[in-house]
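Here is the structure we will look at.
Ligands are counted one by one from 1 in listed order, and the atoms in each one are counted from 1 as well.
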Amino acid sequence: MMNILVIGSGGREHALAWQCAKDDNVQNIYVAPGNAGTALEPKCQNVTLESSGSSSTDEHSAVIDFCKNNAIDMVIVGPEAPLVTGIVDACRDAGIKAWGPTAYCAQLEGSKTFAKEFMESNNIPTAAYQGFTDAAAAKAYIDEQGAPIVIKADGLAAGKGVIVAETIEQAHEAIDDMLADNKFGDAGSRVVIEQFLQGEEASFICMIDGENILPMATSQDHKRAFEGDTGPNTGGMGAYSPAPVVTQEVHEKVMAQVIQPVVDAMNAAGHPYTGFLYAGLMIDDAGDPYVIEFNCRFGDPETQPILMRLQSSMVDLVTQGLEGRLPAKANWDERPALGIVVASKGYPETSSKGDVISGLPELDADNQETVKVFHAGTAFSNDHALSNEALSNEKEVVTNGGRVLCVTALADNISDAQQAALAVTGAISFDGAHYRRDIGHHAITREDAS
Ligand code: AMP
Ligand code: GLY
């Protein structure tokens with residue numbers, strides 16, 4: 001029997017833990033730090049890893065100590081931050097199996113400049129760009145290029161450090177925010193200015209074991225806060241799988257022009273890529289893919305609908321990945337799945353804590369095979385640390401962050417999945433809750449047209 005540690009606290013980690021818990025060979029899943037949803041999941045328990053200091057080395061040591069003390073057979077790392085600081089390298093050095101890229105490979109997400117230079121030198125299609133640390137030089141470049149134009153903070157900014165400027169004035173403002181006012185802290189002390197790409201976005205996520213590539217089902221995320229794809233960029237307001245824009249032909253182009261070159265270039269650099277790799281793509285009218293960004297992890301909220309469709313065991317796949325023998329294909333439910341993120345008051349600018357959530361479905365509801373509410377920013381009232389003790393007291397579930405829940409449904413087509421997810425979402429309420437009713441609209445337009 002296996003014990004697994006999942007690192008993270010979002011909807012992605014709830015979905016990963018939930019999928020792993022289905023495997024009969026799994027005994028315990030620890031989620032650090034987890035959320036109210038992972039605390040309630042069978043076989044799962046939340047743990048707080050006490051670190052002796054705040055450096056990444058201290059944090060890595062806390063993970064390693066926990067794994068040694070709890071006979072952990074594999075670590076699955078959800079978010080990018082620990083990957084970028086080298087949690088996988090540290091675990092490997094300590095003889096612990098951890099699924100994810102090394103710090104070197106995680107630079108594909110951790111530094112937009114690294115990613116752009118990597119793409120340029122490996123002929124991976126992407127938008128033309130230039131990097132700046134000086135505001136005046138950045139503005140002069142914007143004036144020369146014209147609008148629309150895209151401004152990005154160089155470092156990690158939780159999906160929010162990107163401004164798609166419609167006008168030159170907006171672009172200048174973004175430069176002032178990032179370079180002059182330091183709105184994104186160190187992440188924004190350097191900016192990348194990019195050509196605006198036109199087309200339809202898709203998320204292309206793979207598992208890679210250094211050599212073999214296992215593509216996950218395709219998906220599409222909705223990054224903007226409001227309906228009609230308007231408002232500020234967020235970490236993602238909903239997603240569905242599969243993404244019809246990724247036809248078989250587009251799929252083959254992405255594998256050949258984007259994913260395989262990453263695997264080959266990382267091997268050539270002496271740093272084999274292992275773990276999840278997420279290519280955020282713009283597919284143009286000719287069906288040609290351009291990389292908007294790489295992430296070194298699974299997507300959130302893409303994980304939720306994708307794993308709702310996964311019929312293979314994630315534990316088997318990660319085991320095979322760790323042993324360098326990933327299969328070329330996994331088994332998927334033919335039916336599409338769609339997830340709607342319910343966000344808290346003020347998200348993405350701010351987020352709320354402690355608002356009581358009502359209307360969550362019972363965990364043993366009849367429809368749990370086709371509808372699942374994944375938790376993200378949730379906690380139990382009076383207990384933000386989420387000890388298991390809290391459970392026995394039947395504490396209320398409260399908000400604890402920006403993206404609170406992801407209501408995910410599986411159905412015969414995307415419209416039905418959207419309706420099923422909306423029905424459950426409509427029954428859930430908390431002060432300031434907001435969500436988009438149009439998740440999946442690109443695919444639904446295609447469905448209606450066919
Ligand atoms: P990123 O964090 O780089 O994925 O950017 C967030 C979002 O901004 C993307 O999902 C796109 O919707 C948009 N975006 C980023 N870069 C570009 C680009 N070069 N052209 C058009 N839209 C972009
Ligand atoms: N959903 C976008 C991301 O995971 O970065």
Side-chain angles (χ1 to χ4, degrees), residues 8 10-13 15-16 78-81 83-84 106 108-116 119 125-130 145 147-166 170-171 174 178 184 187-188 191-205 216 218-226 228-241 243 245 276-284 289-307 339-341 343 348 374 376 402-403 406 436 439 442:
R12 165 184 51 217
E13 288 75 21
L16 284 164
E80 61 278 13
L83 293 166
V84 170
L108 277 181
E109 175 166 5
S111 163
K112 298 240 185 245
T113 305
F114 177 93
K116 290 303 266 189
M119 286 188 263
T126 188
Y129 78 104
Q130 208 151 317
Q145 297 294 313
I149 193 159
V150 182
I151 323 289
K152 304 187 175 186
D154 184 58
L156 294 179
K160 293 171 238 164
V162 174
I163 307 291
V164 179
E166 308 285 348
Q170 280 173 9
M178 291 187 200
F184 294 97
V191 299
V192 167
I193 302 183
E194 242 179 51
Q195 165 203 1
F196 175 77
L197 294 171
Q198 233 147 2
E200 187 174 339
E201 283 183 63
S203 306
F204 198 99
I205 302 165
M216 299 282 98
T218 59
S219 59
Q220 194 175 64
D221 179 19
H222 291 66
K223 294 249 169 58
R224 300 298 192 101
F226 309 128
D229 295 320
T230 56
N233 267 312
T234 68
M237 292 298 289
Y240 62 96
S241 169
V245 66
F276 296 111
L277 174 68
Y278 169 137
L281 302 172
M282 189 71 86
I283 317 285
D284 73 8
Y290 293 82
V291 175
I292 295 175
E293 62 166 350
F294 282 119
N295 293 319
C296 60
R297 51 171 175 77
F298 221 131
D300 191 340
E302 290 93 330
T303 305
Q304 294 84 314
I306 290 176
L307 293 193
I340 298 173
V341 169
F374 294 108
R403 292 189 291 171
C406 181
R436 285 180 54 170
I439 301 301
H442 288 293

In ligand 2, which numbered atoms sit nearer than 4.0 Å to a non-hydrogen atom of Gly299?
-> 4 (O)
Is there side-chain contact between Val291 and Met119, with heavy atoms separated by less than 4.5 Å?
-> yes
Location of contacts on Val164 toward ligand 1, heavy atoms closer than 4.0 Å | side chain
Quickly, which of Phe298, Phe204, Phe294 forms a ring-ring contact (aromatic ring centres under 6.0 Å, His included) with Phe276? Name it, please.
-> Phe298
Considering the heavy atoms of Gly235, write down every atom of ligand 2 situated less than 4.0 Å from one of them.
-> 1 (N), 2 (C)
Would you mind running through ligand 2 and noting each atom that sits below 4.0 Å from a heavy atom of Glu302?
-> 1 (N), 2 (C), 4 (O)
Do Asn233 and Lys223 have side chains that get closer than 4.5 Å, going by heavy atoms?
-> yes
Test of proximity, Arg12 against ligand 2: N or O pairs below 3.5 Å = no
Side chains of Glu302 and Tyr278: donor-acceptor distance under 3.5 Å anywhere?
-> yes
Indicate yes or no: at least one non-hydrogen side-chain atom of Glu109 is less than 4.5 angstrom from one of Arg297.
-> yes
If you measure from each heavy atom of Lys112 to ligand 1, is any distance below 4.0 Å?
-> yes
Can you list the ligand 2 atoms lying under 4.0 Å from a non-hydrogen atom of Pro301?
-> 1 (N)
Identify, by atom number and element, the atoms of ligand 2 in contact range of Asp221, meaning under 4.0 Å from any of its heavy atoms.
-> 1 (N), 2 (C)
Could you tell me which atoms of ligand 2, counted from 1 in the order shown, lie closer than 4.0 angstrom to a heavy atom of Tyr278?
-> 1 (N), 2 (C), 3 (C), 4 (O)
Checking heavy atoms under 4.0 Å, the part of Leu197 that sits near ligand 1 is both
Close N or O approach (Lys223, ligand 2; < 3.5 Å) = no
Counting heavy atoms only, name the option from Glu293, Arg403, Arg297 that's nearest to atom 5 (O) of ligand 2.
-> Arg297
Under 4.0 angstrom from ligand 2, any heavy atom of Gly280?
-> no
Do we see a donor-acceptor contact under 3.5 Å between the side chains of Ser219 and Tyr240?
-> no
Are Leu108 and Leu277 close enough, and set up right, to give a side chain to side chain contact (heavy atoms under 4.5 Å, CB included), and what steps lead you there?
-> CA-CA 9 Å; Leu108 277 181; Leu277 174 68; 4.1 Å; yes
CD (Glu201) and CE (Met282) are apart, to the nearest 0.5 Å, by 4.5 Å
Indicate yes or no for a side-chain donor-acceptor contact from Ser203 to the backbone of Gln220 under 3.5 Å, with no hydrogens or angles considered.
-> no
Identify, by atom number and element, the atoms of ligand 1 in contact range of Phe196, meaning under 4.0 Å from any of its heavy atoms.
-> 20 (N), 21 (C)
Out of Gln195, Glu109, Lys152, His222, whose heavy atom sits nearest atom 16 (N) of ligand 1?
-> Lys152
Can you check whether Phe298 has an N/O within less than 3.5 Å of an N/O in ligand 2?
-> no
Check whether any side-chain heavy atom of Phe196 sits under 4.5 Å from a side-chain heavy atom of Glu194, and report yes or no.
-> no
